Amino acid sequence: MKIWPIFKKEMRLYATSPIAYVVFFIFLVVMGWFFSQILNYFAMASMRSAMNPSMGRDLNVTESVMRPLFGNISVILVLALMPFLTMRLLAEERQTGTIELLLTYPVRDWEVLLGKYLAVFGLYTVLIALTLLYPLMLAYFARLEWGTVLSGYLGLLLMGSSFLAVGLFASSLTVSQIVAAAWTFGILLLLWVIGWGADTLGGTWGKVLQHLSTMEHNDNFAKGVLDTKDVLYYVNLTLLALFLAYRSVEARRWKG
Amino acid sequence: MIEVERLTKHYGPVTAIKDVSFSVAPGQIVGFLGPNGAGKSTTMRILSCFMPASSGSARVAGHDVFRESLEVRRRIGYLPENVPLYTEMRVGPYLEFVAEVKGVSRSDRRRRVADVMDRCRVDDVQNRLIGTLSKGYRQRVGLAQAIVSDPEVLILDEPTIGLDPRQITEIRSLIKSLAGQHTVILSTHILPEVSMVCSGVIIINKGAVVAQGPIDSLVDQFFPTARVEVEIVGPPPAVRDRIRGISGVLSVEDQMVANGAARYVVEAARGRDVRAEIFKLAAQQQWDLLELRRVGMTLEEVFIRIVAGEEGGEAGAAAAEAGA
Ligand SMILES: Nc1ncnc2c1ncn2[C@@H]1O[C@H](COP(=O)(O)OP(=O)(O)O)[C@@H](O)[C@H]1O
Ligand SMILES: [Mg+2]
């Protein structure tokens, strides 16, 4: 198994190029800013409810702070930023020609792909782990429902794994990193909003669109609802994208 | 060690190589010679398992490049034409990565990397980013990654292209030092390189192999004559006629005349040495014999004859470049 050296090499390259740092920086700053805003808002609401107890029946930290953080904000951030992490994975190797050496080393194509995929997923996991800081801070002065928080994190990891696989596939399609990022962003955006058409369409197709929508599935995790169909959605999307990436690399070999 | 049979590759409508067949014996350094666009890189990409051929077959180190690609890739070192390296990695870690991917065991890895860095003389830049290295150093790092796993077969695509003369000499002697332990096929469009480095040559032109074999036998094959150059002071027409009268002489050409002396190129049947007879003839006729020497045929002439014979313009340019 030659996945490990590929993984290490990709990690080394992420560590020496600025893009990963920029993505980390933006992600954490924006998340932190939203976190503080939501927290402010929540503090105000709870103050008001303290003065007027009849209003504050349903006030819940997990529900009002963590759910929007997991639900929309992180999805937008992951959607907008992950293409910048995945775009280089294959496109850069193709552009610089290093793929010609990599694919003539005694390592199977799927090992190369898996090594690259696991590297970017590892990076993403670190990024997500850093945001644990926010719920930990929250837990210091409020009672958090850790089950819901963990489910939210599981959702983020699953969603990320599928997004990154889509990014890897897009990166296999072109020699241009920008084009790869644009494709990734486009596909993910479409998958995110595709559910909006569900209500007007109705019927079976409406259901299909709804099932295809990432938004639909991620919200369940954020709410703390674990459902196998949501898990399967992300796992399937990941496997499909990885398989397409594999076929794309194979096909490119034939074209030379 | 390398057996290629009727290899053909199409890029869409373009046929890059057609029915290419050759073989390379173990321990040899063979030059793969041809003008630009002849199909050298295409052939090497197939041999290195980077891409499959459209038809035909190739065996490298005893395995089929298509069906047992992984086995072949375990046994080769490849240096692509443009030396693509990870510019953002440092030399040492890069070579360790290559050694690991190529399956050099953990216990041997450090020693192997140190060894190739020493052999390719890149140890003084081992902590530099590859992107900051000069072309000559990058080429040597490229060679180092090719030999780091001590492969049976080395496939080097134009290893001296873009280097300055001193670097070219260094790389050539490095490659020469690999003979014996490795089988090397190196492509080039520069003729003298082949005579300097290789024991055998495969000449390819417009996607087809036009000649192959040990350099000497190729010269014999394409020039089945012995050539003598003489400089004589005497009446050119008479000199020409009398030399032509010597038995075994096939042709006489006078090249230039200066101060009454003319230079003649005499072609005789192979194995026939006409120098003594020319000497006696000159003495007898009381012509002054200023120079008399046998001229060796060079690979360059073979190349020009083969390539330029087929097409004037492009090959002429390649030959001119080769001569430079
Ligand atoms: N990827 C490609 N797509 C289309 N044509 C190509 C490609 N690579 C090479 N060719 C064509 O194939 C022929 C042989 O090219 P190549 O093998 O690179 O020659 P050499 O290495 O001897 O200069 C040339 O005519 C070249 O234009
Ligand atoms: Mg070439």
Side-chain angles (χ1 to χ4, degrees), chain A residues 1-22 85 87-116 118-119 123 172 175 177 246-256, chain B residues 9-12 14 16 41-42 44-54 60 63 65-66 68-90 93-94 96-104 106 109 129-131 142 145-146 148-149 151 155 157:
Chain A
M1 289 288 261
K2 295 290 179 50
I3 297 171
W4 178 235
I6 307 279
F7 176 90
K8 279 192 296 185
K9 183 215 97 183
E10 295 300 329
M11 279 301 192
R12 211 184 270 280
L13 287 177
Y14 275 124
T16 52
S17 84
I19 189 71
Y21 298 101
V22 171
L85 287 186
M87 64 181 186
R88 54 161 289 275
L89 285 174
L90 288 158
E92 186 183 42
E93 299 241 23
R94 206 164 279 288
Q95 176 132 58
T96 58
T98 49
I99 192 113
E100 190 166 345
L101 273 177
L102 189 60
L103 294 187
T104 55
Y105 290 147
V107 44
R108 295 175 183 86
D109 291 357
W110 63 262
E111 291 172 327
V112 170
L113 283 172
L114 220 53
K116 284 173 174 286
L118 290 178
L123 206 62
S172 75
V175 297
Q177 297 191 46
Y246 176 70
R247 293 312 295 258
S248 157
V249 168
E250 298 272 286
R252 291 237 156 201
R253 264 187 194 269
W254 283 95
K255 279 205 274 177
Chain B
K9 176 75 189 180
H10 310 284
Y11 294 107
V14 181
S41 299
T42 302
M44 299 198 129
R45 285 173 156 186
I46 295 169
L47 292 183
S48 65
C49 307
F50 176 61
M51 63 185 189
S54 307
V60 175
H63 297 272
V65 292
F66 183 63
E68 303 159 295
S69 143
L70 218 55
E71 292 301 317
V72 171
R73 288 188 266 161
R74 286 201 181 100
R75 293 168 173 82
I76 61 167
Y78 176 42
L79 179 63
E81 187 164 5
N82 309 310
V83 196
L85 305 170
Y86 297 106
T87 51
E88 283 165 29
M89 279 176 95
R90 290 172 202 284
Y94 170 68
E96 290 200 10
F97 156 69
V98 178
E100 191 174 352
V101 168
K102 286 188 161 189
V104 177
R106 180 193 290 272
R109 217 174 290 148
L129 286 177
I130 293 174
Q145 67 80 33
V148 73
S149 63
I155 301 170
D157 198 354

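Keep in mind it's a predicted model, so treat the numbers as computed, not measured. In what follows, chains are A, B, ... by sequence order, proteins preceding strands, each numbered from 1.
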Working to the nearest 0.5 angstrom, can you tell me the gap between B:K102 NZ and A:K2 NZ? 10.5 Å
Any idea which heavy atoms bring A:I99 and B:F50 closest together, and the distance? O-CE1, 3.9 Å
Check whether B:A146 gets within reach of chain A through its side chain, its backbone, both or neither, counting any heavy atom under 4.5 Å. neither
B:Q145 versus chain A, the contacting section by heavy-atom distance below 4.5 Å: side chain
Given heavy-atom pairs under 4.5 angstrom as the criterion, report whether the side chain, backbone, both or neither of A:T96 touches chain B. backbone
Taking side-chain contact (heavy atoms from CB on, under 4.5 Å) as the test, write out the residues that go with A:E250, two or more places apart. A:D109, A:Y246
Does A:R12 reach the main-chain N or O of B:E88 with its side chain, forming a donor-acceptor pair under 3.5 Å? no
Tightest non-hydrogen contact, residues B:M89 and A:L13, listed as CG-CD2, 3.7 Å
Say whether, by atom type as modelled, one donor and one acceptor occur between the side chain of A:R253 and the main chain of B:C49 under 3.5 angstrom. yes
Interface moiety of A:E93 toward chain B, non-hydrogen atoms closer than 4.5 Å: side chain
Contact winner vs chain A - B:G103, B:G142, B:P52, heavy-atom pairs under 4.5 Å: B:P52
Would you say B:R73's side chain and A:T104's backbone share a donor-acceptor pair under 3.5 angstrom? no
Over all atoms of both residues, closest heavy-atom pair of B:L70 and A:P106: CD1-C, 3.9 Å
Residues passing the salt bridge (Lys or Arg N to Asp or Glu O under 4.0 Å) test with A:K8, sequence neighbours excluded, are B:E100
Closest heavy-atom pair and its distance - B:L85, A:L101: CD2-CD1, 4.4 Å
